[in-house]
Amino acid sequence: MRFPLNPAGGRPLGRAPWWAACVAVIVALATALAGGAVAARAAATAQVAAAELLSQGKPATASSTENATTPASAAVDGNAATRWASAFSDPQWLRVDLGATATITQVVLNWEAAYGRAFQIQTSADGSAWTTVYTTTSGTGGLQSLTVAGSGRYVRLLGTARGTAYGYSLWEFQVYGTSGGTTPPPGGTIPDPTIQSLEATNGPLATATYTVPNPSGYKAGTVTYPTASGSYPGIVLMPGYQGTQANLSWLGPRLASWGFVVINVDTNTLSDTPDQRGTEIRAAGTQLLNLGNATGNPLSGKLNGTLGVSGHSMGGGGTMVALRDDSRFTAGVPLAPYHQSPNFAAVNKPTFFLTCASDVAAPGNTYAKPWYNSMTQAEKLYIEVPGDHLCPMTGNGNKAKQGKWIVSFFSRWLRSDARFTPFLCGTPRDADRTNTSLVTQWMDTCPF
């Protein structure tokens with residue numbers, strides 16, 4: 001049987017809350033039993049470590065989402081009452097980035113009513129080449145605990161045939177195994193960061209630039225990328241009102257030299273609204289990923305499928321729109337953000353607000369701070385620094401400090417690299433946070 005329709009969207013609401021609570025209990029019991037089984041094997045063979053839940057809270061992406069209320073991140077948030085749901089077509093996929101190569105021993109699928117009849121579980125070291133570790137053509141939905149044997153940083157559910165007329169929908173997608181620790185991107189070894197290296201203009205990786213030949217959905221784009229082989233997270237940079245790529249030209253090369261593929265874009269018109277800039281951010285992200293999947297260009301194979309976004313002023317408002325409306329963007333840094341009529345309480349992605357103490361165009365107390373306070377489900381950072389509305393732009397503000405914070409934030413949340421956490425949530429941050437000539441206000445959700 002199907003469940004009652006959601007009056008807001010016509011899509012069945014799914015199982016009732018009491019059912020979700022029961023599922024949470026069942027999942028907890030299955031987890032405990034699975035952990036016990038793995039521990040028993042470890043004791044018997046002295047070769048296999050006890051399984052741990054590796055996927056919860058990690059960056060997740062999907063081939064599609066049914067709507068803004070069913071993002072990919074909902075399948076790995078540990079909440080059995082939220083879900084990811086795809087478009088109503090085949091094939092579809094859901095992928096989680098574990099942040100490091102791990103040995104995978106079990107995958108638990110907690111299906112909503114819309115389940116997969118034929119699907120595969122796959123692992124990958126780089127997010128491009130996939131190895132199938134489980135396959136079925138007779139899935140029945142419900143709660144499935146799958147024993148697998150494989151390794152990889154990325155784990156993907158690839159659905160090839162739906163069990164209903166709807167899409168694929170999971171309350172939870174849980175990956176268990178043994179973590180191998182945080183690893184740098186393939187081909188581009190990133191040394192341990194220091195205050196000195198993070199405050200330098202350039203990071204450890206050599207970079208090059210590429211002009212997007214046929215921009216789609218935005219006016220122009222310049223990509224800065226690491227020249228080392230391997231795949232990296234992508235980041236979209238969006239200027240503010242009347243702004244161009246020059247506004248954030250300082251940031252693209254800096255991020256790329258720390259292991260990101262960065263597209264700095266021009267808007268269709270200089271007066272595009274924050275909502276229009278949000279749409280352009282999404283279009284630029286799509287084209288960046290497509291270039292990574294295509295051949296015959298220098299970005300081929302460079303993108304690992306993870307996306308972040310940063311924008312200034314109205315571009316900061318567009319950053320918030322993209323974080324709210326597009327599950328592919330898993331972390332964002334709005335800079336002195338502006339949006340006239342926002343509702344960003346639904347944003348649950350890690351977000352770093354950088355604001356300017358003397359800003360009269362987009363005062364933090366009017367815009368960024370209320371958004372920060374409303375986002376109760378997100379990891380957050382809020383730093384206010386001296387300067388006017390231009391303080392995050394090229395040629396303004398303390399770029400050594402701004403660069404250190406932004407690089408550390410994206411490294412922590414797009415690459416799950418815990419080595420960068422102390423510069424935002426540890427002793428190394430304290431010299432910045434307590435320096436009133438450098439920081440006029442600091443808020444965070446530490447420990448991350």
**Report entry** Charged N-O contact under 4.0 Å between Asp326 and Arg282
**Finding:** yes
**Report entry** Between Thr269 and Asp272: side-chain donor-acceptor atoms closer than 3.5 Å
**Finding:** yes
Requested in this report: Provide the closest heavy-atom pair for Leu251 versus Ser310 in the form atom of the first, atom of the second, distance.
Outcome: CD2-OG, 4.2 Å
Query raised in the report: So Phe353 and Tyr372, would you call those rings parallel, tilted or perpendicular, with 30° and 60° as cut-offs?
Result: perpendicular
Query raised in the report: Hey, does Trp258 have a side-chain heavy atom less than 4.5 Å from the side chain of Asn202?
Result: no
Report summary line: Which of Phe119, Trp84, Phe173 passes ring pair (Phe, Tyr, Trp, His ring centres under 6.0 Å) with Trp111? It is Phe119
**Report entry** Shortest non-hydrogen separation from Pro239 to Thr267 and the atoms involved
**Finding:** CG-CG2, 4.5 Å
Report task. Look only at the side chain of Gln402 and the backbone of Gly397, and say whether a donor-acceptor pair between them is shorter than 3.5 Å. Result -> no
Report task. Please check if atom OH in Tyr241 has more than 12 non-hydrogen atoms from other residues, nucleotides or ligands closer than 6.0 Å. Result -> no
Query raised in the report: With a 4.5 Å heavy-atom cut-off, do Ser231 and Leu303 have their side chains touching?
Result: no
Query raised in the report: How far does CG of Leu170 sit from CD of Glu112, to the nearest 0.5 angstrom?
Result: 9.0 Å
Report summary line: Correct closest heavy-atom pair for Gly99 and Ser416 would be CA-CB, 3.6 Å
Report summary line: Rounding to 0.5 Å, atoms NE2 (His312) and SG (Cys356) come to a distance of 6.0 Å
**Report entry** Verdict with reasoning, Ile406 to Phe352, per side chain to side chain contact (heavy atoms under 4.5 Å, CB included)
**Finding:** CA-CA 8 Å; Ile406 295 171; Phe352 168 22; 3.9 Å; yes
Query - Between Asn435 and Ser437, a side-chain donor and acceptor under 3.5 Å - result: yes
Query - Salt-bridge present (Arg412, Asp417; N to O < 4.0 Å) - result: no
Requested in this report: With side chain to side chain contact (heavy atoms under 4.5 Å, CB included) as the test, would you mind laying out the steps for Tyr154 and Val96 before giving the verdict?
Outcome: CA-CA 6 Å; Tyr154 303 90; Val96 61; over 6 Å; no
Report task. Take atom CD of Gln242 as the centre, draw a 6.0 Å sphere, and report whether it contains more than 12 heavy atoms from other residues, nucleotides or ligands. Result -> yes
Requested in this report: Give a yes-or-no answer on whether the side chains of Ser63 and Gln92 include a donor-acceptor pair shorter than 3.5 Å.
Outcome: yes
Query raised in the report: Are any of the side-chain nitrogens in Lys404 or Asp432 under 4.0 Å away from the carboxylate oxygens of its partner?
Result: yes
Report summary line: Rounded to the nearest 0.5 Å, the CD1 atom of Ile235 sits from the CD1 atom of Ile263 at a distance of 12.0 Å
Query - Arg153/Asp97 under side chain to side chain contact (heavy atoms under 4.5 Å, CB included): CA gap, chis, key distance, verdict - result: CA-CA 6 Å; Arg153 172 174 171 169; Asp97 177 359; 2.7 Å; yes
Query raised in the report: If you look at every heavy atom in Ala322 and Ile281, which pair is closest and at what distance?
Result: CB-CG2, 3.8 Å
Query raised in the report: Is the His339 to Phe344 ring centre distance short of 6.0 Å?
Result: yes
Query - Main-chain N/O of Ala200 paired to Arg254 side chain as donor or acceptor, under 3.5 Å - result: yes
Report task. Would you mind checking if Arg419 and Asp192 are paired as a salt bridge, meaning a charged N to carboxylate O distance below 4.0 Å? Result -> yes
Query raised in the report: Do the two ring centres, one from Tyr232 and one from Phe260, sit under 6.0 Å apart?
Result: no
Requested in this report: Could you walk me through whether Lys58 and Val76 pass side chain to side chain contact (heavy atoms under 4.5 Å, CB included), step by step?
Outcome: CA-CA 7 Å; Lys58 297 297 176 62; Val76 293; 5.7 Å; no
**Report entry** Nearest-0.5 Å distance that lies between atom CZ in Arg328 and atom OG in Ser73
**Finding:** 14.0 Å
Query - More than 12 heavy atoms of other groups within 6.0 Å of Lys219 NZ - result: no
Query raised in the report: Among Met314, Met238, Gln340, which residue meets the side chain to side chain contact (heavy atoms under 4.5 Å, CB included) test with Pro274?
Result: Met314
Query raised in the report: Looking only at atom types and distance, does a side-chain atom of Gln287 sit under 3.5 Å from a main-chain N or O of Ala284, one as donor and one as acceptor?
Result: no
Query raised in the report: Looking only at heavy atoms, which two atoms of Ser124 and Ser128 are closest? And how far apart?
Result: OG-N, 3.5 Å
Report summary line: Distance col, row Thr61:OG1 vs Leu307:CG, nearest 0.5 angstrom, shows 8.0 Å
Query raised in the report: In Å and rounded to the nearest 0.5 Å, what is the CE to OG distance from Met393 to Ser313?
Result: 9.0 Å
Requested in this report: Assert yes or no for the condition that the ring centre distance of Phe448 to Trp413 is strictly below 6.0 Å.
Outcome: yes
Query raised in the report: If only atom types and distance count, is the side chain of Glu280 paired as donor or acceptor with the main-chain N or O of Gly318 below 3.5 Å?
Result: no
Query raised in the report: Between Asp444 and Lys380, is the closest basic N to carboxylate O distance under 4.0 Å?
Result: no
